[in-house]
Number of protein chains: 4
Amino acid sequence: MDANPAQRPGRRRSEASRQAILAAAAELIAQDGYGSLTIENIARHSATGKQTIYRWWPSKADVAMEALADKTDLQVPIPDEGNFAADLRAVLSTSFALARQPQVTEILRALMAEAQIDDAFAQRFRSQFLERRRRALHTIVDRAHARGELPAGVPPDTVVDVVFGTLWYRVLAIPAPLDDVLADELVRILAPASPG
Amino acid sequence: MDANPAQRPGRRRSEASRQAILAAAAELIAQDGYGSLTIENIARHSATGKQTIYRWWPSKADVAMEALADKTDLQVPIPDEGNFAADLRAVLSTSFALARQPQVTEILRALMAEAQIDDAFAQRFRSQFLERRRRALHTIVDRAHARGELPAGVPPDTVVDVVFGTLWYRVLAIPAPLDDVLADELVRILAPASPG
Amino acid sequence: MDANPAQRPGRRRSEASRQAILAAAAELIAQDGYGSLTIENIARHSATGKQTIYRWWPSKADVAMEALADKTDLQVPIPDEGNFAADLRAVLSTSFALARQPQVTEILRALMAEAQIDDAFAQRFRSQFLERRRRALHTIVDRAHARGELPAGVPPDTVVDVVFGTLWYRVLAIPAPLDDVLADELVRILAPASPG
Amino acid sequence: MDANPAQRPGRRRSEASRQAILAAAAELIAQDGYGSLTIENIARHSATGKQTIYRWWPSKADVAMEALADKTDLQVPIPDEGNFAADLRAVLSTSFALARQPQVTEILRALMAEAQIDDAFAQRFRSQFLERRRRALHTIVDRAHARGELPAGVPPDTVVDVVFGTLWYRVLAIPAPLDDVLADELVRILAPASPG
DNA sequence: AAGTAAGCGAGACGGTACGTCCGGTCTTAGC
DNA sequence: GCTAAGACCGGACGTACCGTCTCGCTTACTT
């Protein structure tokens, strides 16, 4: 078994190229938007061969997704403050702060767009990005559910849909930047009964 | 004033071509997905010249948007049943039924995707599609707001964001088709206090 | 019999349009060269409809040919000075003077070019332009032949070929403008034995 | 110095594609005439990409010129039989035989036509084709000039003009194929005084 | 040390679609 | 019935990228 990659003969993957490619992708997206991002441009700006990109990433969207992962700490902290309102507010605060950065916004929109057009990427996007963030929120919501803090007759899954749905809708459909007031309002809607 | 187009000399726009183009676009999207839709293919399948398409639509996304408008009655009925829960359920029912048709889903996803990538189209998409549907719901929500039926501290705009956000998120990010149960749950969340 | 065109019903051909078209063609050729001459451009610059051009001329080359005919008096005078040398010199002098005008050169080159590419035009070009000029020279050469002034064993047709051949070659293949010295040299070659 | 192309990195030019393109161009010209030759057709018939053609040739006329060069041995032999008449007849014999092949005629006419319409190509056509053939004849004529075999008062350049002029005129302006009798007559005109 | 196996930048390759231009035709309203 | 205007279908233009395929070179492990 070749589980240990160090054992195989041949030149090893160049970390310098990997980073040059991700950096070039990020810069090009910031400059001209994802719409005019091309593999050829990434290669040119990173002084890299196209083949190297095709060898390691299935599509330019995957390059963008990895560039985003590299640039931001996508680890989602799972707070546990004892009540749903506080936990939810903490998660929203983190998420909003992240999504508000213009370069992050641009990439998020592009990834969601590409997922609509390219089914194979959609799967990777869901499993590598969306599901991870869902899981973090799910933990909190499940806990609240157990404590009886959710609105009556609303399963945890739906709460998660509402939170991420509202967040994504604002990013995708509304030109104004994400507003922190929205976070408070979401808390009021979803965690209405702050137990005395 | 040249408001009356019949007064100008020259051949008039061909309604037959317009419909052939929209039909071809719709069919091609249904068959191969929006990702492989090209102007050239639309022209070929509609026995039409590319120039004719470029003359009347700014982009293939606009063709798709018009095809959607032609195919579905996008007029949004504004119910008035006297209470928010019933009104909201009626709107959701209509919207879900529409968005559940596979061909409609496919086009909706494509339009939202294109709007992320092409800013000029994004503006047209918002003003010609998103805003219209927002306005319908807004009427209902404003009415509820006046009656004091909204959750405390939640302005109508946010309610609209939550409704459409959840709907779009399910369409864009979740592979499963839209579920009618979700409509009930949204009503429970947003119109909780059925006045005694 | 409809020999009298004034008797037919309907609007008569517009002489103003005819001249506007020829003038626009001449001007466009002078400006940008025949290579970028298009029917559409002629129509635009002459404030005329494309249909009007297609109705009266088989191709843009025919427009150019008529523009040339209108602009220059293409009537070829047939001198008769009593000896071949003087007659030939007179014909060459007229022809060179005509072909030396830059705008005429440009059109001549274009017509000969088009004749290589479009067989139908080639026939019209030969019968309406080349043959006429050949006939003028032929009269002179035949007369010289009868007087025994041609080189021995050289039929009149060949003399005509040599004269026009040399002239056209200089126009088509040599960037320098036509030189009057050439006329003298042709006379020396073809009418060498000025009979004492 | 990068004179050695083998030193550069990257895939090398494909000789197979080069030949397929030239062959396709030659065949298409023979079939449908130069007038309906398009880059797109060449690419299709040679199972080649358009870009490959644009990469290596400035225009379709240059493709045709190279196809001609490849197909015919354009090397012009320079005979030296001791007298102008014999040398000239030898050159004419070779040239006529070449120009009489229908496929060669077609290309020659097309190249000369294109040179009238495209100035940049005209320069290449002169330096890569016309001038070479002129030089061969010039050698012979200069030699004759030194021996005093030219008509009095006629410089070598003019003799060359007359020879090629007549040849080209017959090809371009006269529908009949080149006649060998013409060669004899040209010799009689230009090398009349076979010195005793 | 030689041999073998990968990865690298570079760049040509066969394709496909782009958006534009023009050809030649058809359809208006107006003279 | 001609005219200007202008839309129509069709097709080639020259360009941009796609994803693949050589190249010569470099870097690593294996013998």
Side-chain angles (χ1 to χ4, degrees), chain A residues 5-14 16-18 20 36-44 46-56 58-60, chain B residues 5-14 16-18 20 36-41 43-44 46-56 59-60, chain C residues 8-14 16-17 20 36-41 43-44 46-56 58-60, chain D residues 5-14 16-18 20 36-44 46-56 59-60:
Chain A
Q7 305 294 21
R8 280 183 299 121
R11 188 171 176 176
R12 235 76 58 69
R13 175 174 186 183
S14 159
S17 292
R18 181 184 156 272
S36 37
L37 182 69
T38 64
I39 299 266
E40 219 137 51
N41 247 318
I42 298 175
R44 201 177 307 129
S46 58
T48 258
K50 278 164 53 170
Q51 192 70 258
T52 302
I53 301 177
Y54 283 110
R55 198 179 342 256
W56 301 110
S59 80
K60 67 181 178 176
Chain B
Q7 306 292 21
R8 283 185 298 117
R11 189 172 175 173
R12 238 72 65 66
R13 175 174 186 182
S14 159
S17 292
R18 180 184 156 272
S36 38
L37 182 69
T38 64
I39 299 266
E40 219 138 53
N41 245 317
R44 200 176 310 129
S46 59
T48 258
K50 279 165 44 168
Q51 192 74 252
T52 301
I53 302 177
Y54 284 109
R55 208 189 324 268
W56 300 110
S59 78
K60 65 181 178 179
Chain C
R8 280 182 296 123
R11 187 170 173 175
R12 234 76 57 69
R13 175 175 187 182
S14 158
S17 291
S36 36
L37 182 70
T38 63
I39 300 265
E40 219 138 54
N41 247 319
R44 199 176 309 128
S46 59
T48 259
K50 279 165 49 171
Q51 191 71 259
T52 302
I53 302 177
Y54 283 111
R55 199 182 337 260
W56 301 110
S59 79
K60 67 180 177 176
Chain D
Q7 305 293 22
R8 283 186 298 117
R11 188 171 175 173
R12 237 74 65 66
R13 175 174 186 180
S14 158
S17 292
R18 181 185 156 271
S36 37
L37 182 68
T38 64
I39 299 266
E40 219 138 56
N41 246 317
I42 298 175
R44 200 176 308 128
S46 59
T48 258
K50 279 164 53 169
Q51 193 72 251
T52 301
I53 302 177
Y54 284 110
R55 203 185 333 262
W56 300 111
S59 78
K60 66 179 177 181

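Letters A, B, ... are given to chains in the order of the sequence lines, protein chains preceding strands, and every chain is numbered from 1.
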Between [X] and [N], is there a contact of a side-chain N or O with OP1 or OP2 at under 4.0 Å?
{"X": "T52(B)", "N": "dC9(F)", "answer": "yes"}
{"X": "R55(D)", "N": "dC13(E)", "answer": "yes"}
{"X": "W56(A)", "N": "dC8(E)", "answer": "yes"}
{"X": "R12(D)", "N": "dG24(F)", "answer": "yes"}
{"X": "S17(A)", "N": "dG9(E)", "answer": "yes"}

| task | Mind checking salt bridge (charged side-chain N to carboxylate O under 4.0 Å, His left out) for K50(D) and listing every partner two or more places apart, or none if nothing turns up? | result |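 If we apply the salt bridge (charged side-chain N to carboxylate O under 4.0 Å, His left out) test to K50(D), skipping adjacent residues, the hits are E40(D).
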
| request: Specify the residue among R18(D) and K60(B) whose closest nucleotide of DNA chain E lies further upstream toward the 5′ end. | output: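 Its nucleotide being nearer the 5' end, the pick is R18(D).
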
| said: Can you work out whether E40(B) or T48(D) has the more 5'-proximal nearest nucleotide on DNA chain E? | reply: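 Nearest-nucleotide comparison on DNA chain E picks T48(D).
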
Report the nucleotide, chosen from [options], that has the shortest atom-to-atom distance to any side-chain atom of [X].
{"X": "P9(A)", "options": "dC18(F), dT15(F), dC29(F)", "value": "dC29(F)"}
{"X": "Q51(B)", "options": "dG10(F), dC8(E), dC21(F)", "value": "dG10(F)"}
{"X": "T38(B)", "options": "dC17(F), dG19(F), dA17(E)", "value": "dA17(E)"}
{"X": "R13(D)", "options": "dA4(F), dC13(E), dA5(E)", "value": "dC13(E)"}

| field | Minimal non-hydrogen separation, I39(C) against K60(C), with atom names | value |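 Shortest heavy-atom separation between I39(C) and K60(C) comes out as CD1-CB, 4.0 Å.
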
| request: Remember a base hit wins even if backbone is also touched, and classify A47(C) as base, sugar-phosphate or nothing at under 4.0 Å, heavy atoms. | output: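 Answer is sugar-phosphate: A47(C) comes under 4.0 Å of backbone atoms only.
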
| Counterpart residues, side chain to side chain contact (heavy atoms under 4.5 Å, CB included), relative to R55(B) (two or more places apart) |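 With sequence neighbours excluded, R55(B) shows a side chain to side chain contact (heavy atoms under 4.5 Å, CB included) to Q51(B), T52(B), given in chain and number order.
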
| Residues in side chain to side chain contact (heavy atoms under 4.5 Å, CB included) with S36(D), at least two apart? |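 In terms of side chain to side chain contact (heavy atoms under 4.5 Å, CB included), with neighbours along the sequence ignored, S36(D) is linked to D32(D).
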
Whole Å only: how far is the [atom1] atom of [X] from the [atom2] atom of [N]?
{"X": "R8(A)", "N": "dC29(F)", "atom1": "CZ", "atom2": "P", "answer": "11 Å"}
{"X": "R11(D)", "N": "dA12(E)", "atom1": "CZ", "atom2": "C1'", "answer": "6 Å"}
{"X": "Y54(C)", "N": "dC8(F)", "atom1": "OH", "atom2": "P", "answer": "18 Å"}
{"X": "L37(B)", "N": "dA17(E)", "atom1": "CG", "atom2": "C1'", "answer": "12 Å"}
{"X": "I39(B)", "N": "dT16(E)", "atom1": "CD1", "atom2": "P", "answer": "18 Å"}

| Mapping A43(C) and G10(D) to their closest nucleotides on DNA chain F, which lands nearer the 5' end? |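 Upstream on the strand: A43(C).
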
| field | Which residue lies more 5' along DNA chain F, comparing R44(D) with G49(B) via nearest heavy atoms | value |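 The residue mapped nearer the 5' terminus is G49(B).
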
| said: According to side-chain hydrogen bond (donor to acceptor under 3.5 Å, both in side chains), who are the partners of R13(B), at least two apart in sequence or on a separate chain? | reply: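 By the side-chain hydrogen bond (donor to acceptor under 3.5 Å, both in side chains) rule, R13(B) matches no residue at all.
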
| message | List the residues meeting side-chain hydrogen bond (donor to acceptor under 3.5 Å, both in side chains) with S59(D), not counting sequence neighbours, and say none if there are none. | response |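 S59(D) satisfies side-chain hydrogen bond (donor to acceptor under 3.5 Å, both in side chains) with D62(D) only.
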
| request: Please evaluate the base of dG15(E) for a donor-acceptor partner in the side chain of K50(D) within a cut-off of under 3.5 Å? | output: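 Such a pair does not exist between side chain and base.
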
| task | Enter the distance from T38(A):OG1 to R44(A):CZ here, rounded to the nearest 0.5 Å. | result |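 Going from the OG1 atom of T38(A) to the CZ atom of R44(A) covers 6.5 Å.
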
| message | Using 0.5 Å steps for rounding, measure from the CD1 atom of I42(A) to the CG atom of L37(A). | response |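 CG of L37(A) is found 4.0 Å from CD1 of I42(A).
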
| query | Looking at five pairs on each end of the helix from dA1(E)-dT31(F) to dC31(E)-dG1(F), what is the angle between the two axes, given to 10 degrees? | reply |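 So the angle between the two local helix axes works out to 10°.
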
